[in-house]
Amino acid sequence: MSIIELKNVTFSYGKKTPYEMKALDDVNLCIEENLITGLIGHTGSGKSTLVQMLNGLLRPDSGTIIIDNEDIWEKPKKIGDVRFKVGIVMQYPEYQLFAETVRDDIAYGPKNMKLSEEEIDHRVRQSAEFCGISEDALDKSPFDLSGGQKRRVALAGVMAMNPKILVLDEPAAGLDPKGRREILGGIKRYREESGTTVIIVSHSMEDMAMYCDRVIVMSNAQAIANGTTKEVFSKKKLLLDAGLDVPEITHVASALRDIGVEIDNDVYTVDTAFEAIKRLHSSLNEEGSDE
Ligand SMILES: Nc1ncnc2c1ncn2[C@@H]1O[C@H](COP(=O)(O)OP(=O)(O)OP(=O)(O)O)[C@@H](O)[C@H]1O
Ligand SMILES: [Mg+2]
């Protein structure tokens, strides 16, 4: 079932100036509830603009945004309500930290929600754990942390508010492979345990293939594909034409097919490659035993 629906959404920056730039051009899409959806697209394709539409930070010039069966701009004065439902961690969130300790920074949202001290403490610890923040880091100043650690704190702060929809704009950009796995793995565990709908913007096809259930492709201000991860990564030409790529392992499978190896064409992670090779191996063995 879809929890978010965009209908004919159009948006330009710098309207009626010589710098007018259409960032969303008649975007139509649905996002499924309780899944992780990846949003991919070349730089400047409109991903960050799109996610800022989802909690009312930006308002469409035309079109409708429906979240949880409600047109979020039906009553503009009530637009603030949508921010409790949709939590966004913006691109470069490390610049948004401000409290004296990591604990206070993560607790800021829950405190504003007027939760009990006990519940705030529980949420701070739980979201710190999902984001790989250790107990002793909670009493440090966020300004003494590395860029990657600051990003974890920003993410934990939004998670601690338990939004129904969690939107992450490049949560793993610039992190080393171990940091990426920890953050994205933590987000996946959080989704499994909380049932939250998660949207992740990323430039990494490998990460999207590994962690997302569904993928949306943006190109030149439009959503040009929306399907399961398997469906989208089997559209190699569409992705290459949109200035993107497929995961490395998909290239390997396609090169094998080009030389006549009958490997399935839905290989997009190491695990799916392993399964495809196993199937191929057992079918070759069966053929061998027939002779
Ligand atoms: N505040 C702004 N003022 C004017 N133009 C903007 C602004 N923010 C974005 N744009 C323009 O709108 C278009 C879409 O930008 P957006 O930031 O949504 O792209 P993106 O897909 O998130 O890119 P990236 O992958 O680089 O983060 C781009 O052409 C960009 O230059
Ligand atoms: Mg962006």
Side-chain angles (χ1 to χ4, degrees), residues 4 6-29 31 36-65 67 72-73 79 82-83 86-96 147-148 150-152 154-155 158 165-175 179-180 183-184 187 198-212 214-227 229 232-233 235 238-247:
I4 298 176
L6 269 66
K7 289 186 192 164
N8 310 103
V9 170
T10 295
F11 177 82
S12 297
Y13 289 103
K15 278 177 280 294
K16 300 197 179 105
T17 73
Y19 307 103
E20 180 159 345
M21 157 67 64
K22 201 174 246 190
L24 297 178
D25 183 7
D26 196 21
V27 173
N28 290 283
L29 57 85
I31 294 176
I36 303 187
T37 295
L39 189 56
I40 60 175
H42 58 77
T43 181
S45 57
K47 304 180 296 296
S48 295
T49 307
L50 176 69
V51 299
Q52 289 174 76
M53 291 280 156
L54 302 181
N55 78 342
L57 281 172
L58 293 175
R59 184 175 183 170
D61 298 332
S62 59
T64 316
I65 298 173
I67 297 182
I72 63 168
W73 286 102
I79 192 66
V82 78
R83 298 198 184 130
V86 184
I88 295 197
V89 183
M90 306 276 272
Q91 219 167 353
Y92 314 114
E94 43 273 38
Y95 301 112
Q96 291 164 22
K150 284 182 189 160
R151 191 164 312 171
R152 289 169 197 245
L155 176 57
V158 178
I165 300 166
L166 178 66
V167 186
L168 309 162
D169 198 345
E170 302 268 8
L175 299 182
R180 302 179 78 81
I183 285 231
L184 294 166
I187 293 165
V198 178
I199 298 161
I200 305 181
V201 177
S202 175
H203 279 278
S204 164
M205 300 303 131
E206 260 66 30
D207 288 350
M208 294 290 94
M210 193 119 108
Y211 294 99
C212 296
R214 295 181 63 86
V215 174
I216 294 173
V217 186
M218 297 281 299
S219 179
N220 297 326
Q222 292 185 320
I224 59 165
N226 182 0
T229 308
V232 170
F233 283 126
K235 296 180 197 287
L238 175 138
L239 292 167
L240 296 180
D241 287 350
L244 298 168
D245 209 342
V246 289

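Order of listing sets the numbers, starting from 1, for every ligand and every atom in it. Since the structure is predicted, the reported quantities are computational estimates derived from the model, not experimental observations.
- For atom 26 (O) of ligand 1, the nearest non-hydrogen atom from the set L24, T43, V51, L50 comes from T43.
- Distances from ligand 1 to the non-hydrogen atoms of H203 include at least one value under 4.0 Å.
- Residues forming a side-chain hydrogen bond (donor to acceptor under 3.5 Å, both in side chains) with N55 (at least two apart in sequence, or on another chain): none.
- For the residues I40, L58, T49, the heavy atom positioned nearest atom 16 (P) of ligand 1 is part of T49.
- For atom 10 (N) of ligand 1, the nearest protein heavy atom is under 4.0 Å away.
- Rounded to the nearest 0.5 Å, atoms CZ (F233) and CG (L238) are 11.5 Å apart.
- For ligand 1 and H42, the ligand atoms under 4.0 Å from any heavy atom of the residue are 21 (O).
- Taken from CG in L155 to CD1 in I183, the straight-line distance is 5.5 Å, to the nearest 0.5 Å.
- Within the set Y13, Y92, Y19, the minimum heavy-atom distance to atom 12 (O) of ligand 1 is found for Y13.
- A donor atom on one side chain and an acceptor atom on the other are found under 3.5 Å apart for T49 and Y13.
- Between the side chain of H203 and the backbone N or O of E170 there is no donor-acceptor pair closer than 3.5 Å.
- Under a 3.5 Å cut-off, the side chain of K47 and the backbone N or O of G41 do form a donor-acceptor pair.
- The shortest N or O to N or O distance between G46 and ligand 1 is below 3.5 Å.
- Between OE1 of Q91 and OG of S48, the angle at the Mg ion (ligand 2) works out to 80°, rounded to 10 degrees.
- The backbone N or O of C212 lies less than 3.5 Å from a partner atom in the side chain of T229, making a donor-acceptor pair.
- For atom 30 (C) of ligand 1, the nearest protein heavy atom lies 4.0 Å away or farther.
- Within ligand 1, the atoms closer than 4.0 Å to a non-hydrogen atom of S45 are 19 (O), 21 (O), numbered from 1 in the order shown.
- Between the R214 side chain and the I31 main chain, no donor and acceptor come within less than 3.5 Å of each other.
- Ranking the protein heavy atoms by distance from atom 27 (O) of ligand 1 puts Q91 NE2, 3.1 Å first.
- Interface atoms of ligand 1 facing M21, defined by a heavy-atom separation under 4.0 Å, are 11 (C), 12 (O), 29 (O).
- For atom 28 (C) of ligand 1, the nearest non-hydrogen atom from the set S48, G44, G14 belongs to G44.
- A donor-acceptor pair under 3.5 Å is absent between the side-chain atoms of D25 and the main chain of N220, judged by distance alone.
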